[in-house]
Amino acid sequence: MSLTIYGIPASRAIRPLWAACELGLNFRHVSLPYEGGATRTADFLALNPNGHIPVVVDERPEAPGGRVVVWESMACALYVARHHGVADGRSITPAAPAEDAEALRWSFWVMAEAEADALTVLMHRMAMPEARRKPELADAAERRLAVPFRVIEQHLREQAERGHEYLAAERFTVADLCAASVLNWARPSKALMQAHPLTHAWILRCLDRDGYRAARELG
């Protein structure tokens with residue numbers, strides 16, 4: 001197999017795994033957890049000196065050393081979509097410069113504007129043991145998230161006026177995949193979801209896909 005993805009679905013590795021599943025790729029999945037020292041071995045650090053998952057390794061004879069190594073989850077997902085998809089206007093791969101720009105824009109935006117606070121909401125509203133949760137941290141994160149949620153709600157409203165249900169086009173693309181993979185973490189906030197119904201509905205549409213379900217089922 002030419003493509004290998006390291007990581008587990010219950011991590012940021014869901015992003016390239018989801019992209020690969022959406023595209024129906026035949027890839028090798030190395031179920032590498034982020035705990036227990038698995039990412040601190042010499043072999044793995046040779047792939048990603050940061051010691052984090054995911055990592056994508058793409059065997060390409062024309063590349064230096066015969067392979068391309070990608071880390072950082074958004075970069076991994078965008079790479080898989082761009083270099084293993086077909087820009088045919090049907091798949092998640094951007095089919096035009098405008099779609100590519102949207103994929104880049106929303107991926108960088110969601111990382112910069114929402115990821116840290118969305119993760120705080122997830123951890124302190126649902127994921128952590130209840131005794132360790134700090135509701136005041138989740139409250140503060142939700143207040144900050146109101147700003148980026150207003151931004152994407154407005155964009156989705158404008159898209160709906162064009163007859164489009166997704167961020168970059170009328171179809172689901174890697175732009176939606178990257179942004180929804182982060183904003184999904186904020187779903188435990190009922191207040192945010194109720195205040196931004198278009199965004200909430202869009203997140204649910206993105207997650208209600210065979211590609212997402214297939215990626216989540218990977219070990």
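Hydrogens, waters and symmetry mates are skipped; everything else that's a heavy atom, side chains included, is used. Index from 1, following the sequence. Quick caveat, the model's predicted, so the values are computed rather than measured.
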E170 backbone acceptor or donor facing E165 side chain under 3.5 Å: no

E153 (side chain) donor-acceptor with L198 (main chain) under 3.5 angstrom: yes

Atom pair CZ/CG of R171 and D176 - distance to nearest 0.5 Å: 9.5 Å

Nearest-0.5 Å distance that lies between atom CD in E113 and atom CH2 in W106: 10.0 Å

R209 charged N/C atom sitting above F172 aromatic ring, 6.0 Å / 45°: yes

Ring pair (Phe, Tyr, Trp, His ring centres under 6.0 Å) contacts touching residues 130-151 (sequence neighbours left out): F149-H196

Short side-chain donor-acceptor distance under 3.5 Å, N48 and Y6: no

Polar contact flag, side-chain donor to acceptor under 3.5 angstrom, D139-H124: no

Chi angles and distances behind the salt bridge (Lys or Arg N to Asp or Glu O under 4.0 Å) call for R60, E62: CA-CA 5 Å; R60 288 183 175 267; E62 76 280 6; 3.5 Å; yes

Remaining members of hydrophobic cluster (4.5 Å side-chain criterion), M126: L119, L122, M123, M128, W185

Under 3.5 Å side-chain donor-acceptor pair for R12 and S73: no

Separation between CD1 of I203 and CG of D208, rounded to the nearest 0.5 Å: 13.5 Å

